[in-house]
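Notes to accompany the following structure.
Below, each value reflects all heavy atoms present in this structure, side chains not excepted, and no hydrogens, waters or symmetry copies.
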Amino acid sequence: MLLPDANTVDRLLRHYRTQERSVLARPCDLSVRRRFEDTAYTLCVLMGERTAHEAVRAAERYVAQVPPAPTEALGGLAGS
């Protein structure tokens with residue numbers, strides 16, 4: 001089974017939490033909600049879970065157990 005890059009999961013999880021706060025601050029803003037839902041969907045796919053709640057929990061567990069690789073070891077591919 002292929003495992004996702006821990007740095008990518010961590011970055012996406014932080015992005016999800018930031019967007020979650022934005023949705024809570026502006027619940028009627030459809031563009032904010034749409035971006036949040038897109039991020040939640042990506043997290044679900046990446047973590048192989050069916051709901052955003054399950055994906056977030058899986059991502060948190062995964063990031064906690066897998067130390068992120070140093071970005072210089074990736075040969076400049078981080079963020080690509």
Side-chain angles (χ1 to χ4, degrees):
M1 180 171 136
L2 292 175
L3 298 175
D5 174 56
N7 289 327
T8 301
V9 173
D10 183 52
R11 186 174 59 245
L12 186 61
L13 188 56
R14 285 185 281 118
H15 190 61
Y16 175 89
R17 292 294 186 200
T18 300
Q19 289 182 338
E20 184 178 44
R21 287 189 298 274
S22 295
V23 167
L24 292 172
R26 296 177 289 177
C28 295
D29 188 333
L30 294 180
S31 65
V32 170
R33 180 169 296 279
R34 201 170 299 119
R35 282 192 302 272
F36 174 67
E37 289 172 354
D38 287 347
T39 302
Y41 175 79
T42 302
L43 197 55
C44 287
V45 170
L46 190 63
M47 298 311 298
E49 298 292 343
R50 299 188 85 181
T51 68
H53 180 72
E54 292 170 350
V56 167
R57 297 212 33 197
E60 289 170 341
R61 284 191 306 270
Y62 183 70
V63 169
Q65 71 183 8
V66 177
T71 54
E72 59 273 359
L74 298 175
L77 296 177
S80 297

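The only member of Val63, Asp5, Val56, Thr42 that meets side-chain contact (heavy atoms from CB on, under 4.5 Å) when paired with Leu12 is Thr42.
Applying the salt bridge (Lys or Arg N to Asp or Glu O under 4.0 Å) criterion to Asp29, with sequence neighbours excluded, gives Arg26. Residues meeting the salt bridge (Lys or Arg N to Asp or Glu O under 4.0 Å) test with Arg17, sequence neighbours left out: Glu20, Glu60.
With side-chain heavy atoms closer than 4.5 Å counting as contact, directly or through intermediates, the hydrophobic cluster containing Tyr41 also holds Val45.
Once rounded to the nearest 0.5 Å, the distance linking CG of Leu30 with CZ of Phe36 reads 14.0 Å. To the nearest 0.5 Å, atom CG of residue Leu46 and atom CG of residue Leu13 are 10.5 Å apart. Here the OH atom belonging to Tyr16 is positioned 7.5 Å from the CG atom belonging to Leu43, to the nearest 0.5 angstrom.
Of all heavy-atom pairs spanning Arg50 and Glu54, the tightest one is N-OE1, 3.5 Å. Considering all non-hydrogen atoms of both residues, Pro4 and Met47 come closest at CG-SD, 4.3 Å. Taking each heavy atom of Ala52 and Cys44 in turn, the nearest pair found is N-SG, 3.5 Å. Contact between Tyr62 and Ala6 at its shortest, heavy atoms only, is CE2-CA, 3.9 Å.
Linking Ile, Leu, Val, Met, Phe, Trp and Tyr whenever their side-chain heavy atoms come within less than 4.5 Å puts Val9 and Leu3 in one cluster.
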Working for salt bridge (charged side-chain N to carboxylate O under 4.0 Å, His left out), residues Arg34 and Asp38: CA-CA 6 Å; Arg34 201 170 299 119; Asp38 287 347; over 6 Å; no
